[in-house]
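Structure first, then comments.
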Amino acid sequence: MVIGFKDALKFIGISVVVVCAAFVCTLFLNYDLDIRGLTNIPDEAIPLYKAHLSMGKAIAGISGCGLALTSVVLLVFYLKNYIDAHGKELGILKAMGYSRFSVARRFWIFGLSVLSGALIGFGVAYLYMPTFYRVQNADGILPKIAVGFHFELLLCLVVLPTLVFAGLAVLYAFYKLKAPVLNLLRESQENTIKARREKEGPFLKGLRLATLKSKKLLVFLIAFSAFCFSSMVQMSLSMPDLASETFAWMILMIGLILAFMTLLMSLSSVVKGNAKTIAMMRIFGYGYGVCSDRILGAYRPFAYVGFAVGTVYQFILLKLMLGLFFSDVNVPAYTFDWKALLIALFAFVVMYEFILFLYAQKIKKLSLKSVMGE
Amino acid sequence: MIVAKEIRKFYGNGENRQEVLKGIDLTVSDREFVVILGASGSGKSTLLNILSGLERADSGSILYDETDITGFSDSELTKFRKKQVGFIFQQYYLLPHLTVEKNVRMGADLAGNANFAEVIEAVGLSGKSKNYPCELSGGEQQRVAIARALAKDPKVLFCDEPTGALDEVTGRQILDYLSKVQKNSGITVIMVTHNQNIADMADTVVKLNSGRVVEVRKNDKRKTAYEIGW
Ligand SMILES: Nc1ncnc2c1ncn2[C@@H]1O[C@H](COP(=O)(O)OP(=O)(O)OP(=O)(O)O)[C@@H](O)[C@H]1O
Ligand SMILES: [Mg+2]
């Protein structure tokens with residue numbers, strides 16, 4: 001098997017998250033670096049200046065770290081899926097005598113998904129920067145700020161992440177390839193065996209549990225996508241009162257992109273990973289509804305938990321940020337925004353259920369024969 | 001009784017269009033053991049899939065006691081499969097994340113059959129009911145697949161090369177078990193194979209050649225799985 005560019009394309013989810021991360025970090029860090037160079041700040045603007053300085057770092061830090069972590073989780077998730085799906089080919093390579101490293105080495109290509117994402121995010125940030133600077137200083141309190149290009153940002157936000165991710169991919173593959181050839185070749189899953197405490201009970205109940213257990217990362221990802229949606233949408237809804245509208249929009253966009261990317265990816269993987277099971281159930285005479293309810297529906301509670309956690313998280317985060325950075329600037333006191341919660345919840349329920357419905361249709365279209373033929 | 005009339009099936013389109021079944025007529029009585037023989041690519045699996053309602057024919061009709069299933073909607077077909085048929089495949093297709101017991105219950109629960117433990121015992125796997133498929137040998141996996149199919153009390157059992165991946169000893173065991181179940185519980189078995197010897201176990205042998213039935217033979221006496229050659 002030669003891992004090619006086409007495989008790297010499958011990692012587009014990572015690219016999208018990396019675009020967001022690179023965009024936000026470039027924008028705010030560049031701003032930070034540029035205003036740091038300002039000297040002639042009028043006295044009355046100093047609190048605002050300080051607030052901008054720390055806010056730039058905080059936003060870049062929080063969203064950057066969050067997004068970077070997300071991309072690492074996604075990378076591991078994708079790689080694990082990839083290795084599971086291509087276990088046979090990898091096993092055969094190993095059986096033929098290819099060394100672990102000579103196979104793992106080829107996984108560097110997945111660093112390209114990070115490179116492309118980071119480059120796009122970086123570029124778009126610079127395109128948007130003039131507008132951003134103008135909006136930031138709309139009331140003209142600070143002196144005029146010129147957009148400067150900082151090479152070190154290119155290094156830290158594009159080159160470095162690419163290298164780190166390429167290395168990570170190779171290392172992870174190297175680690176996974178430790179498995180004996182037979183385990184790679186067979187459909188055996190380590191965690192199947194680990195989850196040995198399967199209880200007595202009807203098939204459908206067991207199926208729900210086994211579906212969840214077989215890919216725990218998916219549970220996390222689906223909860224995470226709801227978390228992103230809930231926290232970012234609510235934050236952006238409460239923001240216009242607190243900070244600027246640009247932020248609100250930016251956070252909203254990032255939240256939606258993150259939530260949708262992870263959700264779509266996870267559900268696709270659920271359907272793909274369970275295609276054989278679904279096909280077999282369909283052959284035996286289980287209806288579509290039962291299949292999608294047991295398999296897709298198994299994740300629903302976790303999505304709602306993710307939503308709840310996101311609500312609490314954004315509340316605490318906003319409270320902290322306002323307390324820390326804007327204590328000496330005039331902003332209205334922040335209390336929990338129930339309206340935002342209701343709107344976000346409503347939007348979430350509608351969208352989540354709609355997407356589930358779409359995937360249920362996908363299950364309906366699975367052709368029995370093509371699934372079995374593999 | 002199952003009656004297939006003038007079944008035609010095409011695959012591909014344009015220049016690649018190929019007639020895989022060229023007007024198949026076939027009658028299978030209740031409680032009959034039918035073996036469909038034919039070379040690789042002759043259309044055996046396709047015919048089996050169409051007879052069992054997994055795939056649709058392009059023309060022709062399939063009657064189960066006067067009910068034509070070719071006009072069924074997807075959900076009607078699902079209901080039909082749930083009530084009437086069981087499947088056994090060459091590749092077993094067990095659900096890898098579930099234990100033997102849960103795999104068998106997949107069939108049993110459909111029919112509200114609480115005696116799944118007996119079925120597992122009957123295929124000689126009571127000791128392994130908590131094992132996962134990847135911990136079983138090929139023959140054991142096929143026995144689970146058989147238990148799964150029988151646990152749902154099908155009226156007709158469709159088997160596509162059930163012993164294709166097994167050695168002689170295991171293959172004979174499986175066939176012996178299937179043929180006994182068929183006799184004792186009076187289900188209809190339609191089995192596809194390219195092993196000519198297995199045909200001696202059947203009531204009726206249907207020979208297929210490039211999409212046509214070329215011979216239908218009735219055996220006066222059925223041989224057991226241990227009497228046939230291999
Ligand atoms: N989905 C499909 N698309 C196109 N052609 C198909 C498809 N399925 C089967 N065929 C073709 O139909 C013909 C009959 O296939 P079928 O699987 O029924 O053969 P078979 O008799 O079961 O063979 P074997 O003993 O090898 O399993 C073959 O020539 C095959 O290439
Ligand atoms: Mg076949």
Side-chain angles (χ1 to χ4, degrees), chain A residues 84 87 182-215 273-291 294-295 298 363-374, chain B residues 11 45-46 49-50 52-56 74-114 116-117 129-136 141 145 148-149 151-152 154 158 160:
Chain A
D84 282 349
L182 278 182
N183 286 14
L184 290 170
L185 286 176
R186 268 196 222 163
E187 244 188 305
S188 88
Q189 263 95 16
E190 315 134 55
N191 33 3
T192 304
I193 309 290
K194 268 189 238 150
R196 193 164 265 300
R197 296 163 300 137
E198 199 173 290
K199 293 196 195 77
E200 302 270 319
F203 162 71
L204 285 174
K205 211 169 147 200
L207 177 71
R208 186 190 283 268
L209 277 178
T211 307
L212 291 176
K213 271 189 196 156
S214 67
K215 290 220 174 93
N274 290 296
K276 281 203 178 129
T277 302
I278 295 168
M280 212 51 225
M281 286 174 68
R282 299 273 304 113
I283 285 176
F284 266 67
Y286 285 91
Y288 298 115
V290 179
C291 296
R294 289 306 147 137
I295 286 174
I363 286 184
K364 211 166 172 173
K365 288 213 194 80
L366 279 180
S367 132
L368 298 183
K369 215 187 155 200
S370 66
V371 176
M372 306 313 303
E374 279 170 7
Chain B
Y11 278 127
S45 299
T46 308
N49 291 341
I50 290 177
S52 58
L54 280 186
E55 229 179 314
R56 288 177 190 281
D74 273 355
S75 62
E76 283 170 323
L77 270 180
T78 304
K79 225 178 267 162
F80 158 78
R81 287 200 299 268
K82 177 174 169 178
K83 278 221 192 93
Q84 305 269 340
V85 300
F87 295 90
I88 299 169
F89 300 94
Q90 180 176 353
Q91 296 90 341
Y92 327 131
Y93 296 130
L94 299 178
L95 309 186
H97 302 302
L98 296 174
T99 57
V100 167
E101 185 192 286
K102 283 277 163 18
N103 265 286
V104 174
R105 288 198 71 163
M106 171 183 171
D109 288 2
L110 268 181
N113 178 0
F116 53 90
S129 65
K130 295 282 182 236
N131 284 44
Y132 287 88
C134 62
E135 299 169 316
L136 302 178
Q141 290 191 42
R148 177 177 68 178
K152 83 191 273 286
F158 290 93
D160 196 346

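Worth knowing before you read on, the calculation uses all heavy atoms, side chains too, and leaves out hydrogens, waters and symmetry mates. Lettering follows sequence order; numbering is per chain, from 1.
Considering CE of B:Met106 and CG of A:Leu207, their distance stands at 8.5 Å, rounded to 0.5 Å. In this structure, OG1 in A:Thr211 is found 7.0 Å from CG in B:Leu98, a value given to the nearest 0.5 Å. In this structure, CZ in B:Arg148 is found 4.0 Å from CE in A:Met280, a value given to the nearest 0.5 Å. Separation of atoms OH (B:Tyr93) and CD1 (A:Ile283) is listed at 8.0 Å; rounding is to 0.5 Å. Distance check: B:Leu110 CG to A:Leu204 CG gives 8.0 Å after rounding to the nearest 0.5 Å.
Only the side chain of A:Tyr288 comes within contact range of chain B, judged by heavy atoms closer than 4.5 Å.
Looking at every heavy atom in both residues, A:Gly201 comes nearest to B:Arg105 through O-NH1, 2.8 Å. Here the closest heavy-atom approach between residue A:Phe284 and residue B:Phe87 is recorded as CZ-O, 4.2 Å.
For residues 77-86 of chain B, heavy-atom neighbours of chain A at less than 4.5 Å comprise B:Thr78, B:Arg81, B:Lys82, sorted by residue number.
Between A:Tyr286 and B:Asp109, some side-chain heavy-atom pair lies under the 4.5 Å cut-off.
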